[in-house]
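Quick notes on the structure that follows.
Values reported hereafter were calculated over all heavy atoms of this structure, with side chains retained and with hydrogens, waters and symmetry mates removed.
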Amino acid sequence: MPEGARGRSRDGEAESGGAPTGDARDEPDDARRTEYGRTWTYESIVGAIPGLDVPDGVALAVQFALFEGLVLALAAVYGLWEAVPAATAAVVVATAGSALMLDLGRRLRRASLPETYTHVVFGSSVETVLGVVAYVTLCTYLLAGDPRATPTLLGELLGTPLPAPAVFLALLVCWDVCYRIGVGWWAAVTAFWRSLAFELDAETRGVVRAADYRVAAFGTLQLVLVPFLDATPLLALAVVGHVVAVLVVVGAARMRS
């Protein structure tokens with residue numbers, strides 16, 4: 001096997017590389033991208049849609065345009081223009097999270113990484129579990145976190161009575177953001193585990209270094225949400241604490257690598 005095609009665990013046991021071998025290396029990346037067990041849940045769902053095959057840039061542009069278009073349309077219908085900056089910030093974070101997932105997926109699948117690592121990253125779907133936990137926690141806070149707060153965060157942004165279409169879109173965008181936060185967390189945690197468990201060759205270390213920096217950059221980008229949470233200090237503190245924790249974990253992984 002060529003040099004770099006195997007990772008080696010730190011206890012000396014060889015691990016087979018995550019990169020495809022044989023004829024699979026000659027397949028275009030898009031042909032491998034939706035191989036189940038080697039994709040994020042998001043990629044698997046999109047890849048399962050028959051006939052859907054668009055470049056990443058187009059998919060990201062459509063995602064942003066669709067959500068931002070709905071934000072502006074509902075703002076015009078219900079007079080919610082004051083909520084547009086916060087909604088746009090959330091749409092930007094969600095779109096950047098999609099870009100991170102596509103970029104990380106492509107980088108890590110192309111690298112000669114241990115199969116154990118790539119399976120844990122992509123095949124476990126833990127990022128979805130983390131996203132669900134973050135989303136349920138957020139919804140719990142919005143509904144019952146501070147019953148004395150008048151108005152609530154949704155009421156402050158969307159007015160009262162709450163317009164149902166605007167609430168639906170707000171919760172959908174919040175899920176999008178929470179799921180991407182789960183991805184960022186799982187990428188950071190598995191990066192730290194990778195730094196403890198495996199010895200990688202120089203070329204592969206360069207690939208995972210670039211991936212880790214992108215995870216840190218995405219975490220930092222989420223701070224754009226904080227200015228819109230001034231009425232909910234606990235939620236603002238949670239976002240800042242989450243970002244700091246991601247940076248610490250990624251930094252620890254980089255120090256170990």
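- Here Arg194 pairs with Asp212 in a salt bridge; the nearest charged N to carboxylate O distance falls below 4.0 Å.
- Side-chain atoms of Phe67 and Leu172, non-hydrogen and from C-beta on, do get closer than 4.5 Å to each other.
- Neither side chain, Arg109 nor Thr118, offers a donor N or O lying under 3.5 Å from an acceptor on the other.
- For Glu68, the side-chain hydrogen bond (donor to acceptor under 3.5 Å, both in side chains) test picks out Thr88, with sequence neighbours left out.
- Both Leu138 and Val136 are members of a single hydrophobic cluster when ILVMFWY side chains are connected at heavy-atom separations under 4.5 Å.
- Follow the hydrophobic side-chain contacts under 4.5 Å out from Tyr141 and you never reach Val133; the two are in separate clusters.
- Taking each heavy atom of Phe198 and Thr116 in turn, the nearest pair found is CZ-CB, 4.2 Å.
- Phe122 contributes atom CZ, which lies 7.0 Å from atom CG of Leu104 (distance to the nearest 0.5 angstrom).
- With respect to the salt-bridge test (charged N to carboxylate O, under 4.0 angstrom), the residues Asp103 and Arg107 qualify.
- Residue Phe192 comes nearest to Ala252 through the heavy atom pair CE1-CB, 3.7 Å, listed as atom of the first residue, atom of the second, then distance.
- When all heavy atoms of Leu108 and Val121 are compared, the pair lying nearest together is CD1-CG1, 4.4 Å.
- Separating the OG1 atom in Thr128 from the CH2 atom in Trp186 is a distance of 11.5 Å, to the nearest 0.5 Å.
- Closest approach of Phe218 to Leu100, counting heavy atoms only: CD2-CD2, 3.6 Å.
- For the residue pair Val207 and Ala111, the shortest heavy atom distance occurs at CG1-CB, 3.7 Å.
- Judged purely by atom type and a 3.5 angstrom limit, Trp193 has no side-chain atom pairing as donor or acceptor with the backbone of Tyr117.
- Under the 4.5 Å side-chain contact rule for hydrophobic residues, Val249 and Tyr213 do not share a cluster.
- For Phe228, the side chain to side chain contact (heavy atoms under 4.5 Å, CB included) partners are Pro85, Ala86, Ala89, not counting sequence neighbours.
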Under 3.5 Å, which donor-acceptor pairs do the side chains of residues 236-246 form with other protein atoms, sequence neighbours left out?
unit_1	atom_1	unit_2	atom_2	d
His242	ND1	Trp185	NE1	2.9
His242	NE2	Gln222	OE1	2.5

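- Here the closest heavy-atom approach between residue Arg180 and residue Ser98 is recorded as NH2-OG, 2.6 Å.
- Looking at Leu130 and Glu127, their side chains never come closer than 4.5 Å, going by heavy atoms from C-beta outward.
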